[in-house]
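Following: one structure in C-alpha cells, then a few remarks.
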Amino acid sequence: MQQKYNPQVLEREAQNHWDATQSFKAVENSDKPKYYCLSMFPYPSGKLHMGHVRNYTIGDVLTRFHKMKGFNVLQPMGWDAFGLPAENAAMANGVPPAQWTYDNIAYMKKQLRSLGFAIDWERELATCKPEYYRWNQWLFLRMLEKGLIYKKTGAVNWDPVDKTVLANEQVIDGRGWRTGALVEKREIPMYYMAITRYAEELLGDLAALPHWPERVRTMQANWIGKSVGVRFAFPYTLNKVAQKLWVFTTRADTIMGVSFVVIAAEHPLATQAALSNPELARFIEECKQGSIMEADMATMEKKGMATGIFVQHPLTQEKIPLWVGNYVLMNYGEGAVMAVPAHDERDFHFALQYHLPIKPVIGIPNTADPSADKPLLPFDPTQWHAWYADKIQGHCIHSGPYDGLAFDEAIEAIAKDLQAKELGEKQVLYRLRDWGISRQRYWGTPIPLIYCEQCGDVPVPDKDLPVVLPEDCVPDGSGNPLNKRPDFVNVACPRCAKPARRETDTMDTFVDSSWYYTRFACADQTQSMVDPRVNHWLPVDQYIGGIEHAILHLLYSRFWTKVMRDMGLVNVNEPFSRLLTQGMVLNEIYFRKPESGRIAYFNPIDVDIQTDEKGNRTGALLRSDGQPVTSGGIGTMSKSKNNGVDPQSLIEEYGADIARFFMMFTAPPEQTLEWSDSGVEGAARFLRRLWSFAYEFQQGRTEPAAISKMGPLPTELKEARRVCHANLKQANYDLERHQFNTVASATMKMLNALESAQKAPAEQTLREAVVGEGLNLLLRLISPITPHIAHQLWRDLQFGPDILQAPWPAPDEDALTQEEIELVVQVNGKKRTTLKVPRDISQAAIEQWVLKDADVIRALATQPVKKIIVVPGRLVNVVI
RNA sequence: GCCUCGGUGGUGGAAUUGGUAGACGCGCCGGACUCAAAAUCCGGUAUCGAAAGAUGUGACGGUUCGAGUCCGUCCCGAGGCACCA
C-alpha cells in the first residue's frame, strides 16, 4: 500500500479497471431490477463547466448507489449538438459549426472520462448526426400526416439592417446585438406542433408524477394555465355590415362593469380601423416595434388609442368604445379583452390614464343596509385581493338582474343569457400555446419539406430520409447560409419531378432533446426510431438537470413521449418518474467601472480578499496591480461576468475525487452552490486524512482483513461504533432524499469517531475490530461520491476484490442503543437545563425528577405548575 | 409585469413529522512541532454581558405549552416567461 495519497495515479488505475471489466455496460437480459439514471445531456460548448461537473456527479452518485444496491443500471451520455452557439463561433472564427462541434465533443468527452463517471459509452449519441436527426424528420412527417403539425404565421424578431431573424438572446434592449438597429416584429410562415391538443393530459398527468419536485409541477400547471371562462361577443356594425368582436374572460361576473374593449395591435379589426385613420396606423406601427419577448411586452408602458369604433354591450346594448392597446396579446384567447376598470388592476390604471369610466359592480354585503353595499375596488387592494383570492366574499351590485349573485352564480346566469342570444358560451382556455418549431437557422435538423410550384408543399418521402444537412457551411450573420447553397436548395419535386425548392428552415433544438432518452435504449438501431428495448428501459427512473429546464424542455419531452405512445412507439405515459432539479453554480463577481468606457470584469482567481482579524471582509485587490476592485456580489458563472472556474485545472491539480467530494459536500443538490477555493482545500484535506488513517491502520494491523467478533467493548469504542452506525443510518436516509452534502459530512463524522477510537485505551484486537468495521462501512458509504479512492483502499485493506460488487451497508441496530439518554428540560418553552435519564424511564418518573431539579425550581420561582408536556426521548416542557 | 423558489454565525451549510438553532466544513484566534515557513496535530470560536443571564433563523404581526419549520402582510435575491440551452 502506498503511504501517500496520489490521486492522479490511483484514479487512472481505477478507471482502467472499470474499462477492462466493462463495469458500466448496461444489458437488457439481467435478472436484477433496472434503474435508468439520466443526466441532461450537455451542449458541446467547448469545455465542461462547473454546472456540468455538478450535474454529472449527482447522477453518478445515484448510479453507483443503485448499482451497489443491486440494480441493473443504465447511465448513458450524449451531446445536444445543434444550436446557436456553434453559428456564433463560426462567425467569430470562420470555422464551420460542424467542425467546431465535433472538436468540442472530443475534448469534453475526455474531460468526462477523467472524472470517472459510470457511463455506458457504447450508447453515446450526438443529435447533429444524420443517424439521429433522421428520426426527427421521420416523426415530423408522421405528425404532419396526423395533423399534429400544421403551418401558420408567427412573429419573429427582425433585424432590418442585417435582414435576418434574431433569437431573443440576440435582442438587447430592443436592438439587434450586432447592428444595434431597433428590432421589429415580423410575421412569417412557420410549422407548429399542436401541443395544446395534449394540454388536458399534460396537466392531469402531473398528478402521476409524485416524485417530481412540487415546484416544477406547479410551474408546469401554471404554464399550461387552464382557465374556465366565458367566450362572448360584442356586436358592431362596420361599413354597414353587422359583425361580432369575440373576447374571452374568466370574470364574466363583472360584465356589467365593462366600460371599454381593447384589441391587440395585430388584430384584424385594428388593421381595418387603421385604413381610414393614419394616426391609428402610426400607433399600430409603433406597437410592432420591439422584441417578441413576453417579459418586454409585460414591462413596457401600457399605451392605447381609441379606434373611433363603438361596439355594443351584449346584455345592455350600451355603446362601448373600442381601443387598441399594446398590452393585449394576439396569441392568447381572442386577441381582444373586455375592460372592467373597477375590478382589474391593469384596466384600472388604463382607465385612469385615458379618463375612461370606472363602474363598480362587485360589493361586499352590508348586513345593516343592503342598499348600501360597499363596492370592492382595485384601489382598495387589501379587500379586493382577499375577495379575488377566494371569490366568496363579494356579490354583484349595480348589475340589474344579477344583483346579489355570488361569483359562480353570476357567471352561470350571465353565460346562460349570452347563450340565449347566441352571443357567448362557457369555454375552457389554456395559456399554453402551440409549439412553433421553425427556425431560420443553419445548424439544426432540416425540415423535410419541398416546395413545388405545381404540387405545393410536398413532404419528403420516407425513402429519401434523412435530408442531410451540409456540414461545411460558415454562417456570416446575414440570414440562413442554406439559402446560398443551390446543391441543397434545388431538388426535383418528389411528385412531379419538376424543379422545386427545399425548405431551408431547421427545427428548434428542443425537438432534438425531446426524445433522446428513448434513443439511448437502442442507440445502435438503424432501421427504426426506437425498438422494443425502449420499453425495457423507460421510463427514466431518475432524471437530473438544471432548474432552468423546469418548464420548456420537460414539458416538450412529456408531450413528445405521449405522441410516441399514441403512435405505438413506446408504452409509457410519462418519460421521467423521478426528477431532481439541480441548482446553479455561482461565484464572486469583481469589476472596475472606469469614468468612461466599458466595465471590466476580473476573474476571482486573480483577486485577493482582505479581511480583518475576525475574518470579516474589508476589501479586494487585483493581484496584478495591487489596486482595489469592486465586488459585484455573487452570480452564476458566466463568460460575460468573467467569473467562471475551469474544472480542468481543478481536476488536474486535485483529481476527480476531490472535485466530486467538494461538489457534493458544499451544498445540497437542489440549491445554488457557491464556489470556494478554500472549500476545495478542505475536501482535499479530508481525503488525505482518510488515506493516511487507512495507511496507519493497515501498517499496525495484527490480523489482516479480519473484522473479528467483538467482545464487550470499553465505553470509548462502544461510542465510536455507535457514532459510525448512527451516521450510516442517517446517511442512508439522506441518500434516499438526495441530500448528498450531509452524506459527505457523515463520512467525516465517521472518520473523526474512528480517529478517537484508534487513540482509545483498549485492547489492540478490539480496537482493530471497531476501526476495521468502521472503515469498511465508511468506504462503501463514500464510494458513490469518491469512487477512485474507495476502490483503491477497499483493495489495500483487503476488504474484497471490487467495492462495486460489495453490497450496500446497513446499520447494526444493536450498535445504536444507548443506556442513558439526554432530555431537554424547558420551562414555558425556554431551555433551562438537560437531564441524563435511563432509556426506558416512565413519564411519571420524569415529571418527579424534573420538578426536583435546581435549575427548574429557580425558573419556576413561586408560580404554580399548570401542566407538564413530555415528548418521549426528547424533551420535557413545564408550563406555568 | 406574471409564474416559481429561496433568505439561518465572519462563511458554505445542518436541524427527518412544529420539540436542544448553528451538526460537519471553511475562515479566524491561541498552542504544539520547526532555525523559520508550509504542511500536520491539539484547543477555542453566534451576539451582548465580568457573571448570572438576555437576545438571536430577512422585517412586522399571528397560531401554539413550544415556530427556522405553520398562517398573513411586506422587503430583498435567484430561475423561467415560449428563438440561449
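Lettering follows sequence order; numbering is per chain, from 1.
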Say we look at B:rG19 and B:rG27: how far apart would their P atoms be, to the nearest angstrom? 33 Å

Kindly say if A:Lys759 contacts the phosphate of B:rC42, meaning a side-chain N or O under 4.0 Å from OP1 or OP2. yes

Parallel, tilted or perpendicular: which one describes the rings of A:Phe82 and A:Trp443, with boundaries at 30° and 60°? perpendicular

Looking for any heavy atom pair under 4.0 Å, which part of the strands does A:Thr509 touch: base, sugar-phosphate only, or nothing? sugar-phosphate

Is there a donor and acceptor pair, one atom on the side chain of A:Asn877 and one on the base of B:rC65, closer than 3.5 Å? yes

Say you pick atom C1' in B:rG6 and the same atom in B:rC24; how far apart are they, in whole Å? 22 Å

Would you kindly compare A:Glu214 and A:Pro668 by the position of their nearest RNA chain B nucleotide and give the one closer to the 5′ end? A:Glu214

At under 4.0 Å, does any side-chain N or O of A:Asn168 touch on OP1 or OP2 of B:rC81? no

Closest to the 5' end of RNA chain B, once A:Lys831 and A:Val165 are matched to their nearest nucleotides, is A:Lys831

Taking B:rU4, B:rC84, B:rG25 as options, the one with an atom nearest any side-chain atom of A:Met748 is B:rG25

Contact under 4.0 Å: A:Ser745 side-chain N or O vs B:rG25 OP1/OP2: no

Now, which nucleotide makes the Watson-Crick or G-U wobble pair with B:rC81, with each of the two distances under 3.5 Å? B:rG1

Donor-acceptor under 3.5 Å (A:Asn877 side chain, A:Asn828 main chain): yes

Which label fits A:His553 and A:His549: parallel for a plane angle under 30°, tilted from 30 to 60°, or perpendicular past 60°? perpendicular

For the side chain of A:Thr164 and the backbone of A:Gly479, is there at least one donor-acceptor N/O pair under 3.5 Å apart? yes

Does A:Arg832 put a side-chain nitrogen or oxygen below 4.0 Å from OP1 or OP2 of B:rA54? yes

Out of B:rG80, B:rG79, B:rC84, whichever nucleotide has its closest atom nearest the side chain of A:Ile551: B:rG80

Find the distance A:Trp223:CH2 to B:rG79:C1' and express it as a whole number of Å. 13 Å

How long is the line joining CE of A:Met507 and P of B:rA85, in whole Å? 15 Å

Between B:rC71 and B:rA67, how many Å separate the two P atoms, rounded to a whole number? 16 Å

Glycosidic conformation of B:rG9, syn or anti, with 90° from 0 as the boundary? syn

Taking the six-membered ring for Trp and the single ring otherwise, decide whether the centroids of A:Tyr5 and A:Tyr695 are under 6.0 Å apart. no

